[in-house]
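Sequence positions, counted from 1, serve as the residue numbers for this chain.
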Amino acid sequence: MPRSSRSVRPTGTTRSAARRRLPLVAALAAATALVAGAAAPAYAADPAPLAPAPEGRTAFHPDRDFAGSTVAAHEGRSGTAPLASLAVTQTPGLDVASYQGNVDWSSAAANGAQFAYVKATEGTSYTNPSFAQQYNGSYNSGLIRGAYHFALPGNSSGSAQANWFVDHGGGWSADGQTLPPALDIEYNPYGATCYGLSQSGMVSWIQDFSNTVHYRTGRYPTIYTTTNWWSSCTGNYGGFGATNPLWIARYSSTVGTLPNGWSYQTFWQFADSGTFPGDQDLFNGASDRLSALALG
């Protein structure tokens, strides 16, 4: 049951109702992965959650920014569930942010979720106040989980935001339960679509972020985006496909054309509501491939 907008965030009983989702229709297509091993540390919440800083803006609203918060408004929804005719087994999961508050992870797992991405940070000042419950709770319920950063490329350098991210939950451990850190880069919720950067400037910003995360964690970040945004804001640059997994957002029954450089998606955010809390995602492969991706 798609919402017309997710910019207004429910609270109280409304939030509880928002957590009850319609059934997920499983679907199917191809993925890759790698190897290693270790033990998963729990993420410790900051002693005192940081108050959102203005980030140079008069109306900074990080609790309304999350993977896909700008997608439906710009690209719409053209289907209710992925087709069940894709070639490869798909593994279901979800992504969440402060919008969901404390998530009932045992119910999500019982309903079939096997992985989750959790918003950790935005810009260089914001941390998700629900991050510890969401990140540790998903792990404790048996999900493979990872953290993502909501990018604000017009505010500060890619390296500055990558360091903020890694320092506040965006790390990685070769434990088989931690996904590569992820960069959420999409339509600007504060103004100009491409954050005031040229196409070459945007590519340089993403490279800066990606290389810093790789230096700090040993993993290149997954890149969350849409094909339309990528084409407009990077000139459809094709240089990240060899190193960075693709997390594509498209609310339709098919994944559609992918950004240049990627021949397949690793993750697909196909709906912004459904069986699970938050957004509905598919990993492009069976669960053993998901585990291999986590291992690195």
- Query: With a 6.0 Å cut-off on ring centres, are F267 and Y117 close enough?
  - Reply: yes
- Note on the structure: Nearest heavy-atom approach of Y264 to N284 is CB-ND2, 4.1 Å
- Task: Would you please classify the geometry between the W230 ring and the W262 ring as parallel, tilted or perpendicular, with 30° and 60° separating the classes?
- Result: perpendicular
- Closest heavy-atom contact between E186 and D184? OE2-OD1, 2.5 Å
- Note on the structure: Nearest heavy-atom approach of G171 to T178 is O-CG2, 4.3 Å
- Kindly indicate, with the supporting measurements, whether the criterion side chain to side chain contact (heavy atoms under 4.5 Å, CB included) is fulfilled by F283 and I144. CA-CA 11 Å; F283 170 75; I144 297 176; over 6 Å; no
- If you take all heavy atoms of Q269 and Y251, which pair is closest and at what distance? OE1-OH, 2.7 Å
- Do you know which two heavy atoms are closest between P181 and R219, and how far apart they sit? CD-CB, 4.2 Å
- For the residue pair W268 and F270, categorise the inter-ring angle as parallel (less than 30°), tilted (30 to 60°) or perpendicular (more than 60°). perpendicular
- In terms of the angle between their ring planes, are Y195 and W229 parallel, tilted or perpendicular, with boundaries placed at 30° and 60°? perpendicular
- Message: Can you confirm if the aromatic rings of H168 and F131 lie within a centre distance of less than 6.0 Å?
- Response: no
- Query: Using 30° and 60° as the class limits, which term best fits the ring planes of Y237 and F240: parallel, tilted or perpendicular?
  - Reply: perpendicular
- Message: Applying the side-chain contact (heavy atoms from CB on, under 4.5 Å) criterion to P221, which one of V213, T212, V166, I206 satisfies it?
- Response: V213
